[in-house]
Amino acid sequence: MINSVRILRNEINTPTVNSLYFHWDVRVEPGQFVMTWVPGLSEIPMSLSLTGKEKCLTVKKYGDTSNALSNVKPGERIFFRGPYGKPFSKVRGKTLLVGGGSGMASLRPLIDQDASGVVAARSSDELLFKGLFPIDKIIVATDDGSEGIKGNIVDALREIELEKYEMIYVCGPERMIKSVVDFVAGRNINMELSLERNMKCGVGICDSCSIDGFQLCTDGPTFGLSTVLTMKEFGRTKLAESGKRIWFQ
Amino acid sequence: MINSVRILRNEINTPTVNSLYFHWDVRVEPGQFVMTWVPGLSEIPMSLSLTGKEKCLTVKKYGDTSNALSNVKPGERIFFRGPYGKPFSKVRGKTLLVGGGSGMASLRPLIDQDASGVVAARSSDELLFKGLFPIDKIIVATDDGSEGIKGNIVDALREIELEKYEMIYVCGPERMIKSVVDFVAGRNINMELSLERNMKCGVGICDSCSIDGFQLCTDGPTFGLSTVLTMKEFGRTKLAESGKRIWFQ
Amino acid sequence: MSISDISTSIGNINLSNPFILASGILDENGYTMKRILSEGASAAVTKSIGMEERNGYKPPIVAIDDPIFINAVGLPNPGILNVGEEIKTARESGKPVIGSIFGKDENEFIELAGKMEEYGVSAVELNLSCPHVKGFGSEIGGDPNLVRKIVKGVKGAISKPVWSKLSPNVTNLLDIANAASDSDALVLINTVRGMKIDIYSKKPVLSNKVGGLSGSSIKPVGIRSVYEVKSNMDIPVIGVGGIESGFDAVEYIMAGATAVQIGTAVWKYGRAVFSKVTNELLEFMGSEGYGKIEEFRGIALK
Amino acid sequence: MSISDISTSIGNINLSNPFILASGILDENGYTMKRILSEGASAAVTKSIGMEERNGYKPPIVAIDDPIFINAVGLPNPGILNVGEEIKTARESGKPVIGSIFGKDENEFIELAGKMEEYGVSAVELNLSCPHVKGFGSEIGGDPNLVRKIVKGVKGAISKPVWSKLSPNVTNLLDIANAASDSDALVLINTVRGMKIDIYSKKPVLSNKVGGLSGSSIKPVGIRSVYEVKSNMDIPVIGVGGIESGFDAVEYIMAGATAVQIGTAVWKYGRAVFSKVTNELLEFMGSEGYGKIEEFRGIALK
Ligand SMILES: Cc1cc2nc3c(=O)[nH]c(=O)nc-3n(C[C@H](O)[C@H](O)[C@H](O)COP(=O)(O)OP(=O)(O)OC[C@H]3O[C@@H](n4cnc5c(N)ncnc54)[C@H](O)[C@@H]3O)c2cc1C
Ligand SMILES: Cc1cc2nc3c(=O)[nH]c(=O)nc-3n(C[C@H](O)[C@H](O)[C@H](O)COP(=O)(O)OP(=O)(O)OC[C@H]3O[C@@H](n4cnc5c(N)ncnc54)[C@H](O)[C@@H]3O)c2cc1C
Ligand SMILES: Cc1cc2nc3c(=O)[nH]c(=O)nc-3n(C[C@H](O)[C@H](O)[C@H](O)COP(=O)(O)O)c2cc1C
Ligand SMILES: Cc1cc2nc3c(=O)[nH]c(=O)nc-3n(C[C@H](O)[C@H](O)[C@H](O)COP(=O)(O)O)c2cc1C
Ligand code: FES
Ligand code: FES
């Protein structure tokens with residue numbers, strides 16, 4: 001079933017990211033996503049960046065579809081199906097949220113008094129949701145050094161004692177996640193990672209999002225670190241839209 | 001869905017009537033029926049003659065299908081779908097059960113300490129379930145006078161003060177019911193009648209059981225006396241298997 | 001907010017709402033049709049009537065496994081000469097009654113249509129889905145030449161509108177629709193050929209073994225058929241297949257349907273389905289701000 | 001009670017159970033096929049592969065309204081030259097991999113089949129349901145002459161078994177099945193043409209508008225197709241369409257199927273569907289006292 005709901009407000013978060021707020025009376029857990037249809041264009045996976053009574057999609061403008069979606073005006077409708085996917089595990093205790101690019105969208109519902117954040121972006125004005133953390137609980141990194149640490153997300157993680165967190169949640173493009181996984185491999189830490197791959201069906205039948213025989217859309221998008229460490233395809237190879245195998249450089 | 005259950009025992013009630021006992025864990029109310037399929041032959045409506053945990057079909061042998069059904073042996077399966085139809089209303093107080101032919105089958109689940117019975121048949125050995133009533137609560141009538149009143153069901157009803165019953169339940173062939181309705185018309189009594197007509201679908205779409213635009217299989221088979229009194233087709237005309245209109249003589 | 005107008009018309013036939021009782025469902029007995037028309041259907045199509053009286057198939061005539069619904073009734077009918085009284089009774093409702101007919105060739109269809117016109121039907125619906133002896137396993141409605149002949153023949157013989165009801169069990173629906181393009185309207189679709197086997201009795205459930213799948217399972221086939229025809233031809237289409245709600249009807253109307261028919265949903269909701277779907281249609285039009293059906297008819301074709 | 005034997009074989013291909021992964025579902029990536037084979041499928045059919053790399057249609061590629069499931073994936077595939085590695089990975093499971101192919105004519109099918117044979121598939125499955133330009137709106141599988149040519153051509157060109165997968169969207173399935181009778185097995189059925197319109201966006205949901213209906217809605221069509229073919233022809237048939245339980249599989253087997261394929265049910269039950277249906281089949285055979293599948297294969301045909 002396709003849900004069609006009207007947008008309450010459209011908030012500009014960064015020059016390339018908007019958030020669409022709406023009411024949708026369905027139980028959603030942090031880490032889950034919806035397949036969002038922009039009629040006439042395409043259908044793309046979007047995490048829920050709020051999971052309470054008020055829901056939110058936080059959209060980074062990549063191509064036609066995400067651009068059109070980010071332009072939906074209050075009172076207009078968005079169309080989506082879901083929620084889909086395996087949510088992040090809930091834990092008691094201190095947590096660390098590590099987000100790159102639009103990755104902070106799916107981590108946002110996990111922000112609470114026990115959570116610290118690591119937010120990375122190309123430059124200062126693209127840092128997403130950093131203002132939602134208390135100033136003493138956030139580390140930022142920018143490629144161009146315009147704010148925080150000059151460097152990538154791993155450079156930021158080096159500054160932190162990761163072992164002290166009950167759980168570290170990570171979300172971002174596969175390349176970024178790969179660098180995080182390589183960085184922590186062999187250490188004794190609890191980590192869940194939300195992966196990103198092409199998605200077409202969203203319901204575990206088309207194989208376009210698969211990684212090592214797991215479907216990101218149903219077995220994931222969140223996976224435990226130990227599972228990710230067993231994946232031969234992770235960070236190395238995936239299938240293009242056609243199904244042709246391509247290698248990450 | 002077709003239920004297939006194994007028969008526990010097959011009881012001979014009269015020379016032409018057998019009862020098949022079985023377990024079927026579904027809630028059924030007195031007056032409801034199932035469409036009983038005899039693979040290779042046909043599918044016929046059968047009332048539940050027990051509606052507790054143990055269920056029962058009481059089958060009069062008319063033609064091939066009912067004959068085959070009445071021959072099912074313990075351990076063999078019967079096939080049916082349902083339960084279908086509107087049950088008899090429940091009342092508190094004295095009740096009278098009036099059954100002709102196989103009609104007593106659907107009335108049997110209503111037999112309790114408040115119930116009296118009027119059972120009619122051609123001759124003594126065809127009187128169905130009369131033994132389930134205490135001897136002082138049963139009136140019988142036989143066409144041939146071999147037991148009880150010599151005459152038909154209306155002859156028996158003449159002997160009774162019908163107004164004293166909280167509800168009178170009647171079941172039998174349309175011709176018999178018509179004579180009962182004509183007999184009580186205009187009097188101030190509570191009566192529900194379970195009608196019989198050809199049935200093919202059992203679920204209110206094929207029109208073969210209809211009477212005055214009501215479907216016997218979904219609006220009935222039980223109807224209140226006042227509704228039956230409004231029916232222009234009742235006791236006068238019905239459609240044959242083909243849909244051709246025929247008149248009762 | 002003023003209430004929306006849900007009336008529609010197919011040629012010169014005016015309907016108070018778009019919901020017509022489909023052929024074969026509660027339309028054998030004139031009293032039944034009359035009751036359904038009084039309870040909300042805007043018109044009723046009779047059971048398909050042939051030349052001779054037929055008993056149809058022995059029960060089981062339905063194989064049901066919610067939401068799967070398959071029937072093989074076997075065209076029981078009293079024969080054209082015995083159906084006049086039923087139509088007369090149904091017409092006491094004051095609403096249009098459509099006479100459905102089936103035959104083995106052009107000549108039978110013409111004779112049946114003429115009789116239906118005599119009985120005062122508002123239109124004749126040609127049921128082109130009866131078995132066709134040549135090319136066994138398929139239906140008259142799968143042969144474009146036969147369809148063309150039957151439609152032309154009936155159109156030439158009567159003055160009432162002629163609707164052609166087509167089968168989805170064909171390789172190329174557009175070929176058939178084009179062959180039937182002389183019709184005043186096309187009715188899409190009849191049932192999809194299917195079967196149910198009971199694994200405990202190890203037998204096909206229907207006495208005829210093969211039957212027609214109807215109800216919600218075939219709505220996508222019906223929508224596709226209406227859309228395909230309306231994308232390519234300019235002819236009124238009446239949508240049928242799996243309509244259970246006013247919203248389902250909207251889907252058909254957006255695909256280009258002028259009106260719709262309802263059959264199997266009567267099994268789920270009883271005769272009350274007609275007031276249910278009418279309320280749902282009004283609800284949709286109210287909340288979306290539509291005043292008339294024309295405002296969204298065929299809108300998905302653009 | 002001893003456990004029943006659920007193995008079966010199609011020609012020289014031995015299967016540990018009758019449940020094969022259908023073409024187009026989780027069979028693009030070799031690692032995925034390998035995992036599903038390790039989790040209970042007895043064989044896997046690859047996504048249909050053509051001559052050139054294709055991206056398929058833009059999303060939405062599925063229109064879902066439980067239990068309605070319609071897809072228009074648009075035959076995305078890496079092209080035959082890029083698929084060898086995936087098949088190699090899948091074959092590491094030790095179970096049979098079947099190569100599905102689609103082409104625009106006989107010559108393409110022959111070339112594709114030859115490549116598949118090189119890659120070591122256990123059989124080649126001809127997907128005859130791709131769009132056919134002549135007679136628009138219909139499929140290659142609707143043209144008996146084309147079907148005959150393709151099947152004969154491929155049979156003459158390779159030594160591995162050839163399975164022909166037929167479309168139910170035809171006027172007369174038996175004509176097509178007869179045209180494909182040189183095949184080592186028939187696979188029945190592919191999806192049924194359908195469409196879904198979203199009434200709030202007023203548009204067909206699928207980017208390709210028309211798609212293929214699959215899942216429980218089409219099981220009656222699949223059963224009917226298998227029964228119809230097995231009543232008339234002596235050829236192994238693999239049943240597919242709406243199988244969600246071991247009991248559904250029994251229905252196909254009683255209609256005459258040698259094995260079955262499962263597609264859409266993966267959506268409802270995930271990859272675990274294969275162990276689920278296997279357990280259900282064993283449960284049925286145990287409770288009904290069957291030791292082997294042959295004891296009830298085709299029993300409903302009698
Ligand atoms: C489970 C899941 C959850 C997601 N949640 C969100 C979310 O909450 N917010 C959000 O903004 N995005 C999210 N994404 C990513 C989002 O789906 C894509 O950004 C979207 O598909 C882009 O579609 P498009 O048609 O606009 O761009 P396209 O036309 O597909 O792409 C335009 C350009 O951007 C590049 N591009 C596309 N997507 C990405 C990406 N993810 N990372 C880097 N480059 C990219 C393409 O390679 C191309 O060069 C999620 C993805 C997944 C798998
Ligand atoms: C709602 C409902 C509940 C029913 N419950 C029961 C029940 O619990 N027990 C039961 O035995 N029957 C019951 N019947 C009647 C039963 O359905 C028929 O007896 C049955 O259809 C006969 O089928 P057949 O194929 O054996 O006989 P057929 O071959 O149809 O008929 C053989 C001969 O018997 C005659 N005949 C058939 N049915 C009747 C009848 N009901 N009355 C008089 N003559 C008849 C026929 O006209 C024919 O001459 C019920 C009917 C209805 C509508
Ligand atoms: C029990 C039954 C009997 C039918 N009989 C006829 C018929 O006689 N003539 C006809 O044209 N269509 C007949 N149909 C087909 C319906 O009119 C309709 O086209 C089909 O069922 C799809 O609509 P639905 O899903 O609303 O039922 C019959 C359908 C059913 C279920
Ligand atoms: C998403 C999807 C993609 C499919 N792709 C193909 C395909 O590439 N080749 C093919 O022969 N069949 C394809 N099919 C059809 C299936 O193999 C199968 O015949 C059909 O779905 C019916 O089986 P089911 O109900 O178990 O899914 C596809 C089906 C689905 C749902
Ligand atoms: S998106 Fe299709 S399997 Fe995950
Ligand atoms: S038996 Fe079909 S309507 Fe009652």
Side-chain angles (χ1 to χ4, degrees), chain A residues 1-6 35-45 63-65 72 76-82 84 86 197-219 230-234 236-247, chain D residues 24-39 46-47 49 52-66 68-69 71 73-79 81-83 85-86 89 196 198-205 207 214 263-271:
Chain A
M1 213 202 66
I2 294 173
N3 302 283
S4 32
V5 304
R6 295 189 195 277
M35 292 297 292
T36 314
W37 177 36
V38 181
L41 293 170
S42 188
E43 194 188 33
I44 56 178
D64 289 352
T65 310
V72 174
E76 291 179 350
R77 280 190 169 117
I78 57 169
F79 303 90
F80 57 85
R81 56 193 172 91
Y84 294 134
K86 208 168 107 275
R197 289 215 154 183
N198 282 341
M199 282 191 182
K200 289 184 180 178
C201 75
V203 295
I205 61 146
C206 78
D207 211 16
S208 65
C209 69
S210 296
I211 182 162
D212 272 60
F214 294 110
Q215 284 64 60
L216 222 82
C217 59
T218 51
D219 297 311
T230 66
M231 292 178 174
K232 293 187 201 138
E233 288 192 271
F234 175 69
R236 293 183 51 237
T237 169
K238 65 172 180 176
L239 301 193
E241 223 176 309
S242 65
K244 182 171 169 177
R245 191 166 290 279
I246 49 180
W247 280 262
Chain D
I25 290 89
L26 293 188
D27 47 13
E28 207 169 72
N29 187 321
Y31 292 96
T32 310
M33 286 188 267
K34 189 173 158 187
R35 185 174 293 275
I36 291 193
L37 289 165
S38 80
E39 288 176 4
T46 67
K47 179 110 200 86
I49 306 295
E52 307 288 342
E53 182 177 359
R54 269 176 66 94
N55 282 339
Y57 302 131
K58 260 196 327 202
I61 57 152
V62 291
I64 306 177
D65 200 355
D66 192 3
I68 295 298
F69 193 104
N71 87 84
V73 177
L75 295 168
N77 80 96
L81 297 179
N82 292 312
V83 83
E85 276 303 304
E86 307 307 323
T89 305
K196 166 83 191 158
D198 176 71
I199 62 174
Y200 296 99
S201 61
K202 309 171 203 93
K203 288 201 162 37
V205 173
S207 73
S214 62
T264 305
V266 172
W267 154 60
K268 271 202 192 143
Y269 298 102
R271 296 182 310 266

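Naming convention: chains lettered A, B, ... in sequence-line order (proteins, then strands); numbering from 1 in each chain.
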When every non-hydrogen atom of A:Pro39 is compared with those of D:Lys203, the smallest separation belongs to CB-CD, 3.9 Å
From the list D:Glu39, D:Lys202, D:Lys58, the residue making the most non-hydrogen contacts under 4.5 Å with chain A is D:Lys58
Honestly, the part of D:Phe69 sitting under 4.5 Å from a heavy atom of chain A is side chain
When rounded to the nearest 0.5 Å, the distance separating NZ of A:Lys244 from CD of D:Glu28 is 13.5 Å
Interface check, chain A: of D:Asn71, D:Asp66, D:Ile61, most non-hydrogen pairs under 4.5 Å belong to D:Ile61
Next on the checklist: For a 4.5 angstrom cut-off between non-hydrogen side-chain atoms, does D:Val62 reach A:Arg81?
Outcome noted: yes
Max heavy-atom pairs within cutoff under 4.5 Å with chain A, candidates D:Ile64, D:Val266, D:Asn77, goes to D:Asn77
Bottom line for D:Val83: the part with an atom under 4.5 Å from chain A's heavy atoms is neither
Check whether D:Arg271 reaches the backbone of A:Gly213 with its side chain - one donor and one acceptor, N or O, closer than 3.5 Å. yes
Max heavy-atom pairs within cutoff under 4.5 Å with chain A, candidates D:Ser201, D:Gly74, D:Pro76, goes to D:Ser201
Checklist entry - Considering only heavy atoms from C-beta outward, does the side chain of A:Ile2 approach that of D:Val205 to under 4.5 Å? => result yes
Closest heavy-atom pair, A:Ser242 versus D:Glu53, reported as atoms and distance to 0.1 Å, is OG-OE2, 2.7 Å
- Task: For the pair A:Asp212 and D:Arg35, find out whether any cationic side-chain nitrogen is under 4.0 Å from an anionic carboxylate oxygen.
- Result: no
task = Count the heavy atoms belonging to other residues, nucleotides or ligands that lie under 6.0 Å from CD of A:Glu76, then report whether that count exceeds 12.
result = yes
Okay, A:Leu239 and chain D: the region with an atom under 4.5 Å from a heavy atom over there is side chain
Looking only at D:Met33, D:Glu85, D:Lys268, D:Glu86, the option with the highest number of non-hydrogen pairs under 4.5 Å against chain A is D:Glu86
d(D:Lys47 NZ, A:Cys206 SG) to nearest 0.5 Å is 9.0 Å
Sequence neighbours excluded, the answer for side-chain contact (heavy atoms from CB on, under 4.5 Å) partners of A:Thr218 is A:Gln215
Residues passing the side-chain contact (heavy atoms from CB on, under 4.5 Å) test with A:Arg77, sequence neighbours excluded, are A:Ser4, A:Arg6, A:Phe79, C:Glu288, D:Tyr200
Tested for side-chain hydrogen bond (donor to acceptor under 3.5 Å, both in side chains) against A:Arg245, the lone hit among D:Asn82, D:Asn29, D:Thr89 is D:Asn29
Note: vs chain A, highest number of non-hydrogen pairs under 4.5 angstrom among D:Leu26, D:Ile68, D:Asp65 is D:Leu26
The reported gap from CH2 in A:Trp37 to CG in D:Asp198 (rounded to nearest 0.5 angstrom) is 4.5 Å
Comparing A:Leu41, A:Ile44, A:Asp207, A:Thr65 against chain D, the one with the most heavy-atom pairs below 4.5 Å turns out to be A:Asp207
